[in-house]
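Reading through the structure tokens given below for one structure.
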Protein chains: 2
Amino acid sequence: MPSTKRPPSADRIVFGSRLRAERHRRGLTLEDVAALADMNWSYIAGLERGERNVSIDNMSALAGALGMPLWELLRPN
Amino acid sequence: MPSTKRPPSADRIVFGSRLRAERHRRGLTLEDVAALADMNWSYIAGLERGERNVSIDNMSALAGALGMPLWELLRPN
DNA sequence: GTGTGACTTCTAGTCCGTA
DNA sequence: ATACGGACTAGAAGTCACA
């Protein structure tokens, strides 16, 4: 009976780790990105850790804050 | 005072139209994809029309149902 | 400047109907 | 096989305090 719920996707982890990597590559803090994307920094921190099931609109805003297309941010490297 | 809310992202539209295109390319119905991704077909229909702010886990499941990586599904063509 | 847990608000996502 | 609407519930969005 327990839930047949879906587990967190691998893509969620990819997104989180790439988000963090690209942020660091640009020398930005969580607070910087939060300001650019108009979001709460602690929320973004949770995303980077893959703890939240982020929506496409928020992913898009974050990709925009980093100046890169979303599909590229999701591509593992 | 108008809402400071963010408008639907362009990526949402890209995802929807590419999802539909790739589904058709494979000759699959909404019901087929819904079964493969373990989702409601009428919800997927809304996604294809760009009406919903889909989460990454659901996007990932849909990409998986089509047998392609998520980043590729999000790349405009 | 960041990790994390707890919390409330709001919408994503389900399920049913009709066409 | 698809569109679309209504009503509901699971869970994402968004915030805060404290380490």
Side-chain angles (χ1 to χ4, degrees), chain A residues 1-67 70 73-74, chain B residues 1-67 70 73-74:
Chain A
M1 19 161 282
S3 112
T4 59
K5 199 75 210 82
R6 216 197 305 288
S9 66
D11 284 308
R12 189 201 284 202
I13 308 303
V14 170
F15 176 75
S17 57
R18 294 236 44 228
L19 180 60
R20 173 157 295 183
E22 293 297 329
R23 175 170 68 80
H24 282 153
R25 187 195 308 284
R26 289 162 175 73
L28 298 172
T29 66
L30 282 169
E31 287 172 336
D32 291 334
V33 175
L36 289 167
D38 190 27
M39 291 182 195
N40 190 298
W41 70 261
S42 79
Y43 174 64
I44 300 176
L47 297 187
E48 288 190 346
R49 276 177 260 126
E51 289 175 355
R52 289 176 179 249
N53 188 15
V54 64
S55 73
I56 190 171
D57 283 359
N58 277 345
M59 294 174 83
S60 191
L62 288 165
L66 294 176
L70 177 54
L73 190 53
L74 278 163
Chain B
M1 45 234 299
S3 132
T4 59
K5 188 104 198 64
R6 214 195 305 285
S9 66
D11 285 308
R12 189 200 285 201
I13 306 302
V14 170
F15 177 74
S17 57
R18 293 234 50 226
L19 180 61
R20 174 157 294 182
E22 293 297 329
R23 176 171 67 80
H24 282 151
R25 186 196 306 285
R26 287 160 178 75
L28 299 171
T29 67
L30 282 168
E31 286 170 338
D32 291 335
V33 176
L36 289 167
D38 189 28
M39 296 184 193
N40 192 285
W41 68 261
S42 79
Y43 175 63
I44 300 177
L47 296 187
E48 290 190 345
R49 282 180 247 123
E51 290 173 358
R52 299 275 192 154
N53 189 16
V54 65
S55 72
I56 191 171
D57 283 359
N58 277 343
M59 295 174 82
S60 191
L62 288 165
L66 294 177
L70 177 55
L73 190 54
L74 278 163

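- Using a 4.0 Å heavy-atom cutoff across all strands shown, Arg12(B) reaches no nucleic acid atom at all.
- Contacts with DNA chain C (heavy atom under 4.0 Å) in residues 26-35 of chain A: Thr29(A), Leu30(A), Glu31(A), listed by number.
- A distance of 10.0 Å separates CD in Glu31(B) from CD1 in Ile44(B), rounded to the nearest 0.5 Å.
- When the P atom of dC18(D) is taken as reference, atom CH2 of Trp41(A) falls 14 Å away, rounded to whole Å.
- Taking atom CG on Asp38(A) and atom C1' on dG14(D), their separation rounds to 11 Å, with Å as the unit.
- Looking at Asp57(A), its side chain does come within 3.5 Å of a backbone N or O of Ser9(B) through a donor-acceptor pair.
- In this model, the phosphate group of dG3(C) is approached by a side-chain N or O of Arg20(A) to a distance below 4.0 Å at OP1 or OP2.
- Taken residue by residue, residues 42-57 of chain A places heavy atoms nearer than 4.0 Å to DNA chain C at Ser42(A), Ala45(A), Arg49(A), Arg52(A).
- For the pair Met39(A) and Val33(A), the minimum side-chain heavy-atom distance is 4.5 Å or more.
- Expressed to the nearest 0.5 Å, how far CG of Leu36(A) lies from CG of Leu66(A) amounts to 8.0 Å.
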Can you give me the dot-bracket string for DNA chain C, 5' to 3', counting Watson-Crick and G-U wobble pairs with both distances under 3.5 Å, using [ ] for crossing pairs and | for partners on another strand? .||||||||||||||||||
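- Ion pairing of Arg12(A) with Glu51(A) is absent here, as no side-chain N (NZ or NE/NH1/NH2) approaches a carboxylate O to less than 4.0 Å.
- In summary, of the residues considered (Met59(B), Glu48(B), His24(B)), a side-chain contact (heavy atoms from CB on, under 4.5 Å) with Leu19(B) occurs for Glu48(B) alone.
- Phosphate contact (OP1/OP2 of dC16(D), side-chain N/O of Asn40(A), threshold under 4.0 Å): absent.
- Going from atom CG of Asn53(A) over to atom CZ of Phe15(A) covers 11.0 Å, rounded to the nearest 0.5 Å.
- When only modelled atom types and interatomic distance are considered, Ser42(A) and Asn40(A) share a side-chain donor-acceptor pair under 3.5 Å.
- Put simply, the side chain of Arg23(B) gets close to the backbone of Leu28(B): a donor and an acceptor are under 3.5 Å apart.
- Ser60(A) contributes no side-chain N or O that, together with a main-chain N or O of Ile56(A), makes up a donor-acceptor pair within less than 3.5 Å.
- As rounded to whole Å, 15 Å separates atom C1' of dT11(C) from atom CZ of Arg6(B).
- Proximity of a side-chain donor or acceptor of Arg20(A) to a complementary backbone N or O of Gly16(A) within less than 3.5 Å is not detected.
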